Amino acid sequence: MKKIITIFGATGNLMYKKLFPALSNLFKNKFLDIKTKIYLVGRKDYTLEDYLLEAKKEIKTNIEWDLLLPHLNYIQMDFSSLDDYKRLKTIINEDESLKDKMFYLAVPPQLFPVIAKGINSSGLITKGSENERIVFEKPFGEDLTTAQKINKELWQYFEEKQIYRIDHYLGKEMIQNILIVRFTNTIFEQAWNNKTISSIQIVAKETEGVLRRGNYYDKVGALKDMVQSHLLQMVSLVTMEKPKTFSSDDIKDEKVKVIKQLSIDKEDIILGQYQGYQDSINIESGSTTETFVFAKACINNERWKGVPIYLLTGKSLDEKKSEIIINFKNDSNNFKNVLNNKLIIRVAPVEGVNFIFNVKEAGLSEKVVPANLDYCHTCNYLGNTPEAYEKLLLDLFNKQNSLFTRWDEIESSWKIIDEVKTYKHELFIYNNYEEIKELIIKRNEVLIDDL
Ligand code: BG6
């Protein structure tokens, strides 16, 4: 069946940074059929040539243009004009063959209802049709109320199985690996609780600032941009109970359960903004948008009572790194210098798992020293492991929705963020990561290494 993907927001950062490279690799590796068509929709009045000229200025990665070009079409549209959706429908339906149609909304959430309505009213998607799907980028809404409103509207137009809500972290190799590491290794499964684990750290640090995304980012900030989605997804996978089966719905049921038991400690939140943020393009002067969040969460259930879960994310920090650190307790009083065991799931840029344990120093010394069992995930794969968006786009083409978020996951995470937003916090202006680290350590009276 001929597959057609229409992407709204084709002149946006996501298209250039993530979707083009992912589509290019999918064609290169022959995962997409040569009959596949890609309609790029934007508000600007471009020809395909004009569009590509602009796109090539923005795209920094290597794209196989020769492979991609035969599939591309650019369409200018006014997102609020029903006639334009009808015109799009005529173009898509040009030939009579049976088609598999996907509509990807890489646009801010405020536009979701407008575009979804246009797609529905013009008959581009018929409710319940198996071969018609719609994809929404994150953030899904601006808070709980707007997300609920959007979702209610979407359910009028589409069935849940036609709706794909993206959180690209779920497409990352090592995020897909969390449940495997936890539930297929007895050594970890048995130890995965508050008797053995002292704390958990969920970290997503970035070196880049807001770049040219000020328009979007200044209204959102790190809590809504990163914590509501990526960080809480990581928390839920790390802390959920074992699901009844490993089916998509059973896993999501457990993720939702644990997120509903999570609360963020009001006293321990640190919000920061990097020095220079306000000079970036499209940022309001005097903006109080946070570009950094540190928070201490806890999960009120038998397994996790008493285990702090530290969340840390921010822009313009010392390194690009996403990882999950499980710190184990240390009950050994018999030796000096014993370090706590630590399991590190490295999500990006390095993908792998490290386990830190104690050994005797080699030679005549009796000193206890740390050793590192180092599993490199990428090294076991010929070529590069697929980027998150490659996996998610391919799943979308293949009607696989297990790595997309279900509505109740989004709803429960917005509840947490909305609550945090009601607390009043001072905004800490940081020049560098060291300043933040000092503050965290001072406030928490504990030394959290590896932060
Ligand atoms: C996106 C956020 O969802 O994730 C960006 O909107 C952020 O602000 C990005 O930079 C980080 O993703 P990754 O895959 O680079 O860690």
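Positions are given from 1 along the sequence. Just so it is clear, the model here is predicted, and its values are computed rather than measured. Whatever order the structure lists them in is the order used to number ligands and atoms, beginning at 1.
Counting only residues at least two apart or on different chains, the side-chain hydrogen bond (donor to acceptor under 3.5 Å, both in side chains) pairs with a member in residues 264-284 are D218-Y277, Q273-Q278.
Using a 30° and 60° split on the angle between ring planes, Y389 and H168 fall in the parallel class, below 30°. Taking the six-membered ring where the residue is Trp, Y51 and Y74 present parallel rings, their angle staying beneath 30° rather than reaching 60°.
For H377, the ring pair (Phe, Tyr, Trp, His ring centres under 6.0 Å) criterion is met by Y375, not counting sequence neighbours. With sequence neighbours left out, C298 forms a disulfide bond (SG atoms under 2.5 Å apart) with no residue at all.
Looking at heavy atoms from C-beta onward, F112 lies in side-chain contact with L105 at the 4.5 angstrom threshold.
In this structure, ligand 1 sits under 4.0 Å from heavy atoms belonging to K18, K138, H168, Y169, K172, E206, R213, D225, M226, H230, K315, K320.
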